[in-house]
Amino acid sequence: MSTKESERNSSAQQTLDILYEISELLNTQLDRATLAKCVAMIENGVNPEALAAVVQELRREGAHSTADNAGHVR
Amino acid sequence: MTPSFPMLDPLVYAYVPAARTNESIKNDLAAHCQDILKSHIGHKTEVNHTQLMDLVKRRLLQLSPNGSSVTKFSNLIMRLEDQQVLSRKQEAILFLFTLSSLSTQQATSIPIPILSQPSPTKLIADTAPSDSSASKLESTQPNAARLAKFRAQRGVPHLNESLLVRDTLYLLQGISGKYARFAISQTNEKTLIFSTDPKAVVTPPTQALIHRLAELGYLYSRIDSFVRERENAPGVGMIEQSLCHYLQTQLTEYYRLIAVLETQLSSTRTNDASVMGEETGLSLRRLDVWVNEWRLRMRMMSICVEGAKDSHGGALVNLIHSYTDNGDPFVRKFTHELLEEVSRPFFATLHKWLFSGELYDPFEEFFVTADSSLGHIPYVHPSSLPGGISQLSGDAIFENSNPDSEDISGLRENGKKSWETKYRFRKDMLPLFVGEAFGKKIFSTGKSLNFIRYSCLDSDWVVTREKMSNNGGSLLYGDIAGLERSIDTAYQLASHRLFEVFIDKFKLLDHLSALKNFLLLGHGDFTDQLMETLAPSLARPANTLYRHNLTANLETAIRSSSAQKDSVDVLRRLDARILEYSHGEIGWDVFTLEYKVNDPIDTVLDHEAMEKYLKLFKHLWQMKRIQRALDKGWMRVTGDARNFIHLPELESEWHKVRIVMAEMIHFIRQLEAYCRLEVIECSWKILIDFLNKKEGDLDALIEAHRTYLDRTIKKVHLWHSRPGKEEVLLRQLMEIFGYILQFREAMDNFYNYCLSRSAFKDQAMDAERGVYTGSSKGEVVDSEDALPGLLDRVKEYGTAFSDRVQTLVHHLQVHPDLDCRFLGIRLSFSDFYRPKKELHAGAKS
């Protein structure tokens with residue numbers, strides 16, 4: 001069971017590596033952890049295109065808030 | 001919230017760190033994200049595997065043009081297929097692809113903004129591409145792109161240059177563009193105003209560049225408006241017309257350039273997407289280079305236009321000519337071209353003037369103007385009328401052949417007047433390249449031709465000349481040397497012809513020598529004869545003289561002297577006249593000879609000259625009269641006094657009279673010889689030398705004759721050059737003449753007295769011999785008393801004469817004129833007239 005578990009973990013790790021490489025190639029600017037979360041969500045049946053839109057939106061929001069933080073002291 | 005999104009929160013935390021601490025932000029974002037996820041994005045795009053692979057591969061090629069990443073991707077996909085962990089591999093790939101294309105859409109649009117559609121809003125507001133992508137881009141894009149990115153970050157998007165190029169092309173034609181337009185300020189100067197669009201600005205360097213380019217547009221509109229204004233204005237001079245013509249041609253060339261530039265611009269625009277950014281497009285700087293030459297040209301034209309506003313005709317040509325002395329070969333060449341064009345009408349006029357003596361200048365642009373008050377100036381182009389010239393000259397003949405009697409005096413002055421005032425020389429209108437000396441020559445040539453044609457009625461010659469000259473080609477600005485040559489030739493021909501006409505056809509020389517012979521008493525025998533026949537009547541009061549008697553006497557004198565051999569034409573003109581006389585004047589004072597001249601000889605022998613001749617005649621005639629009186633007196637003193645008077649006691653008195661008389665005769669002889677030889681003949685020789693040279697024009701001829709007359713008058717009248725003393729010597733001379741005449745009278749009285757005394761004595765002796773010859777006792781007694789008075793008077797006039805001559809000689813010896821001084825030496829050759837003191841000293845010793 002543990003070997004099966006570890007095998008499964010390593011294959012998941014490999015899959016994530018491959019996906020990360022593809023992500024690098026496509027210049028998506030996602031880090032490994034985020035990628036893992038996103039893939040998990042997709043496995044759970046989330047619409048991939050909508051998810052991409054969400055990531056994009058969140059990125060902008062983040063940049064906005066950091067800019068705000070830089071702009072004026074809270 | 002459905003359970004399908006439990007992992008949304010970590011995602012939010014990862015991207016928005018602030019959400020970790022702020023619950024509300026987190027909730028907001030999460031809700032927002034869920035909204036998106038629940039939306040229909042991507043729901044209808046059911047892509048199959050191969051389709052998706054193709055899309056990704058294309059995307060990869062877009063990102064990195066070499067194929068390495070594509071093969072790498074294929075490998076990765078193969079490996080992914082082997083993995084069993086994921087059930088929805090295809091969706092994962094789609095997610096990655098969508099994310100990639102979403103982010104790069106924005107990232108790639110930043111570095112090449114000038115390539116995209118020309119809209120000020122094309123620049124994205126998003127200024128936060130992720131660091132990794134930015135650094136990647138920086139390494140692949142040129143500096144310009146980085147600068148553009150920097151600008152984009154600054155938030156001040158620049159106006160696309162191609163828009164500005166289009167605008168500038170409008171500006172070049174003086175039309176306002178969309179972003180830069182002309183505005184008229186308060187001082188009526190055009191200024192360039194740039195649009196203040198907040199979305200896009202024009203940077204100061206570009207503004208400066210456009211300003212430079214817009215100068216052309218400004219100049220263009222000035223030139224264009226000038227040309228248009230002149231097009232419609234009436235009475236625009238021919239030189240200005242040709243200037244406008246030239247400007248118009250240049251502007252057409254300019255249009256052509258602009259058209260070429262515009263084509264270039266539009267071709268650039270159609271190739272926008274593919275070729276933009278490469279080196280073939282039209283930029284503001286290229287435009288600047290293209291129009292650089294035109295800028296200079298436009299400036300030159302604008303200067304000309306400016307000058308044309310307040311100068312006219314020849315002065316305008318002058319203005320343009322002043323720019324030919326420029327070090328810049330371009331400017332020189334341009335002005336040269338311009339001048340060639342502009343001076344064309346000038347040369348046409350010049351040609352007409354120089355070769356046919358006609359002034360065709362309807363706009364008064366030539367440097368010769370006609371005095372319209374004199375009339376008879378045809379503005380019709382002579383060659384435009386069939387047989388125009390002969391027709392005109394026919395008119396002239398008609399006018400001159402029927403002079404009304406009242407017109408005679410007018411005609412007498414006509415020649416001179418028409419020569420001097422018909423045409424005037426205007427120095428300010430003379431083109432500089434001709435030069436003033438040549439200008440004068442041209443002026444004089446045309447004038448001579450005109451004179452030959454209209455006053456001398458010799459139009460055939462002029463017409464022939466004109467035809468000949470037409471074969472010789474036209475005059476052009478480019479050929480100044482040739483021009484000068486033609487002017488010289490024309491001038492020589494015309495003035496030579498004029499001399500010929502005057503001397504051969506009108507026998508100027510005959511008239512001049514006739515004047516010299518008759519009015520200046522050159523014919524000695526004639527003068528003697530005239531004096532002889534006239535003397536008795538001239539001694540009578542002026543009011544007893546009759547003109548017919550005088551003319552009869554004149555006739556006699558001519559017949560009996562060598563003057564009869566002179567031509568009939570000359571003798572016909574000779575006339576005797578009585579001047580206006582007042583009470584108490586005798587014939588000598590009012591008699592004068594006259595010589596009548598008519599058109600066109602009166603150009604030279606004008607009224608003024610004739611008056612001078614009369615003045616000279618009066619003086620010389622008087623001198624002749626004195627001489628004659630002295631001659632007669634001398635005969636009496638030497639001959640009759642010895643023969644008929646036998647009064648030994650008065651012999652010494654007679655001796656004194658003879659001495660004084662000899663002195664007087666010496667004086668008058670020397671004076672006459674001086675007048676004749678030193679003055680008249682010498683001046684005459686100068687005049688004849690001039691005439692034989694046949695150089696110069698009619699003006700020179702008139703001038704020579706005037707000099708001849710003036711010189712003669714001055715010397716004959718012993719004119720003193722010092723102001724205020726001019727006539728001192730002449731007055732002294734007149735006094736001397738007066739004393740001579742009075743002496744002569746006194747001497748006559750003395751002679752008569754002696755004669756009667758002698759007769760009385762003879763009577764007495766006869767009576768002694770017993771021959772009765774009549775008695776006159778009473779008379780003798782009277783005359784005995786009168787003797788001292790008579791002698792006194794003789795002595796008085798004699799001394800007065802000597803004194804005056806002494807003063808005159810004294811004055812003459814310091815006279816500024818050498819000839820006059822020489823006369824003084826001749827009069828006192830033996831030092832007879834020494835200064836008074838010495839004389840007194842000599843008399844006492």
Side-chain angles (χ1 to χ4, degrees), chain A residues 4-72 74, chain B residues 4-8 10-12 14-19 25 29 32-34 36-43 45 56 59-60 63-64 69 72-73 76-77 79-80 82-104 107 126 128 130 132-133 136:
Chain A
K4 208 175 178 183
E5 186 74 6
S6 65
E7 202 176 314
R8 186 182 151 80
N9 269 353
S10 69
S11 75
Q13 191 67 39
Q14 269 182 10
T15 312
L16 194 59
D17 281 347
I18 293 165
L19 283 174
Y20 182 69
E21 271 190 67
I22 294 173
S23 160
E24 285 279 272
L25 279 178
L26 282 169
N27 197 14
T28 55
Q29 296 158 23
L30 289 171
D31 56 11
R32 207 175 270 266
T34 320
L35 181 66
K37 281 171 203 154
C38 290
V39 170
M41 282 174 85
I42 291 166
E43 282 299 299
N44 285 337
V46 172
N47 182 351
E49 289 175 61
L51 187 62
V54 166
V55 170
Q56 194 65 41
E57 190 68 25
L58 284 173
R59 268 185 192 157
R60 201 168 58 225
E61 203 61 40
H64 215 69
S65 62
T66 48
D68 278 355
N69 282 347
H72 42 87
R74 285 191 175 220
Chain B
S4 51
F5 313 122
M7 299 162 102
L8 208 53
L11 210 59
V12 172
Y15 280 107
V16 191
I25 292 179
L29 285 172
H32 184 55
C33 292
Q34 281 180 9
I36 295 174
L37 289 178
K38 277 187 274 179
S39 71
H40 297 286
I41 294 178
H43 272 215
T45 57
V56 173
R59 173 74 196 150
L60 282 169
L63 280 178
S64 56
S69 59
K72 203 173 170 188
F73 171 73
L76 288 170
I77 290 293
R79 279 166 60 192
L80 190 64
D82 294 341
Q83 303 295 328
Q84 288 93 31
V85 184
L86 291 178
S87 54
R88 301 167 68 105
K89 291 166 193 154
Q90 199 178 320
E91 278 78 3
I93 302 294
L94 179 62
F95 161 71
L96 288 174
F97 166 69
T98 316
L99 189 59
S100 158
S101 49
L102 272 178
S103 61
T104 43
D126 189 345
S130 71
S132 64
S133 113
K136 222 174 177 183

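Chain naming here is simple, since letters A, B, ... match the order of the sequence lines and numbering starts at 1 in each.
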Interchain contact, Leu16(A) with chain B, by part (heavy-atom threshold 4.5 Å):
neither
Taking the side chain as every heavy atom from C-beta outward, state whether Ile22(A) and Val56(B) have any atom pair closer than 4.5 Å.
no
Quick one: pull up CD in Glu24(A) and CZ in Phe73(B) and give me the separation to the nearest 0.5 Å.
14.5 Å
Let me confirm one number: the CG-CG distance from Leu35(A) to Leu99(B), rounded to the nearest 0.5 Å.
9.5 Å
Should Lys72(B) and Glu21(A) count as side-chain neighbours, where that means a heavy-atom distance under 4.5 Å?
yes
Spatial distance of atom CD (Gln14(A)) from atom CG (Leu80(B)) [nearest 0.5 Å]:
11.0 Å
Is the closest side-chain heavy-atom distance between Leu96(B) and Leu25(A) below 4.5 Å?
no
With a 4.5 angstrom heavy-atom cut-off, could you sort out which part of Glu57(A) is near chain B: side chain, backbone, both or neither?
side chain
Roughly how far apart are Ile42(A) CD1 and Ile93(B) CD1, rounded to 0.5 Å?
9.5 Å
